Amino acid sequence: HPQHRLPRLSHLPRRQVRRLRRHQDQLRIARRAHVDGDGRPEIVTAPHYEVQIFNGQTGALKAAVKVAKGRNYGILLTRPRPGLPQKEIFVISDFVLHAECVRFENGQWGHAWGRKYLEDENAARPQGREKYLRVGPNPVTDLDGDQRDELTYSLVDAATDDQWHL
């Protein structure tokens, strides 16, 4: 499927490309972005249970952050942080329902926060799926003008009121 392909990697050393492609079956989302403030692009990926940041020129792994909220099927976004060179990284998964934020703090990349909507993503559900998460076109933006981004998405839970909530 075309959306599961890695970004163009022709500029990377062959050894690094092989390393990235070896994990491509788990790379549901990847993007090329300037995230660490050094002025050069990085490749940011979100395989199962983590976010990885690779050097865009060499393919070397710069950071790997565990995000134990769930498997990452969904979207990967980066957003600037006012007054800081590093961007925030967001993962919003609409299949294994969870939302995550990774940011640079205290000299390292770390898991800032996350919200999981399925306690056991692998549990059998005889009644079928009862929770759904949908993401709009610009889910991370400053909605109230306070210079801080908010994350928006819609969630329905049949076990509660079976209504969509923002």
Side-chain angles (χ1 to χ4, degrees), residues 1-8 20 23-37 41-54 63-105 108-166:
H1 199 276
Q3 69 201 30
H4 297 288
R5 291 192 187 128
L6 290 169
R8 264 189 39 226
L20 288 170
H23 300 288
Q24 186 170 1
D25 63 320
Q26 291 184 21
L27 295 180
R28 302 296 177 235
I29 48 181
R31 77 179 306 110
R32 186 174 176 179
H34 299 274
V35 294
D36 68 2
E42 286 76 38
I43 297 171
V44 182
T45 65
H48 295 340
Y49 304 102
E50 73 179 345
V51 170
Q52 300 169 331
I53 302 169
F54 293 92
V65 179
K66 297 290 182 195
V67 288
K69 298 295 180 191
R71 293 174 290 169
N72 297 325
Y73 298 100
I75 63 172
L76 174 69
L77 301 167
T78 63
R79 291 281 295 166
R81 294 176 69 193
L84 296 171
Q86 299 87 8
K87 293 183 178 180
E88 288 185 312
I89 301 169
F90 295 92
V91 176
I92 310 166
S93 177
D94 58 1
F95 182 71
V96 179
L97 311 180
H98 66 99
E100 311 286 340
C101 178
V102 170
R103 70 171 60 122
F104 192 83
E105 290 184 310
Q108 64 183 7
W109 289 95
H111 185 248
W113 57 262
R115 176 72 193 262
K116 184 175 184 178
Y117 294 98
L118 296 174
E119 288 308 312
D120 181 357
E121 64 202 51
N122 298 311
R125 291 177 177 74
Q127 72 281 7
R129 178 168 264 203
E130 293 185 332
K131 293 182 184 182
Y132 294 90
L133 185 148
R134 294 294 178 255
V135 181
N138 294 307
V140 182
T141 191
D142 182 6
L143 294 173
D144 56 10
D146 66 354
Q147 303 298 313
R148 294 175 40 179
D149 284 335
E150 284 79 36
L151 176 63
T152 60
Y153 49 86
S154 297
L155 179 74
V156 66
D157 184 352
T160 57
D161 62 1
D162 205 22
Q163 301 291 312
W164 284 99
H165 296 273
L166 183 62

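Note that the coordinates shown come from a computational prediction; the quantities given were computed from them, not determined experimentally.
Residues L143 and T152 have side chains in contact (heavy-atom distance under 4.5 Å, counting atoms from C-beta outward). Residues V35 and W109 are in side-chain contact: their nearest non-hydrogen atoms beyond the backbone lie under 4.5 Å apart. Side chains of H98 and V91 form a contact here, defined as non-hydrogen atoms less than 4.5 Å apart. In this structure, L84 and F104 have side chains that are not in contact, with every pair of non-hydrogen atoms separated by 4.5 Å or more. Side-chain contact between V65 and I89: absent, with no pair of heavy atoms (C-beta onward) separated by less than 4.5 Å.
Between T141 and N138, the shortest heavy-atom distance links the atoms CG2-O, 4.2 Å. Closest heavy-atom contact between P41 and R32: CG-NH2, 3.2 Å.
For D94, the salt bridge (charged side-chain N to carboxylate O under 4.0 Å, His left out) test picks out no residue, with sequence neighbours left out. Evaluation of the side-chain contact (heavy atoms from CB on, under 4.5 Å) rule for L77 yields I75, F90, I92, P139, V140 as partners, not counting sequence neighbours. Looking at residues two or more places apart in sequence or on another chain, you find a side-chain hydrogen bond (donor to acceptor under 3.5 Å, both in side chains) between E42 and K62.
Here Q86 contributes atom CD and T78 contributes atom OG1; the two are 13.0 Å apart, rounded to the nearest 0.5 Å. If you take OH on Y153 and OG on S93, they are separated by 11.0 Å, rounding to the nearest 0.5 Å. R103 contributes atom CZ, which lies 8.5 Å from atom CH2 of W113 (distance to the nearest 0.5 angstrom). Residue Y49 holds its OH atom at 11.0 Å from CD of E100, rounded to the nearest 0.5 Å. Put simply, NZ on K66 and CD on Q52 are 8.0 Å apart, with the number rounded to the nearest 0.5 Å.
Pairs of residues two or more places apart, or lying in two chains, that qualify as salt bridge (Lys or Arg N to Asp or Glu O under 4.0 Å) and include a residue from residues 143-166 are R79-D149, K131-D157.
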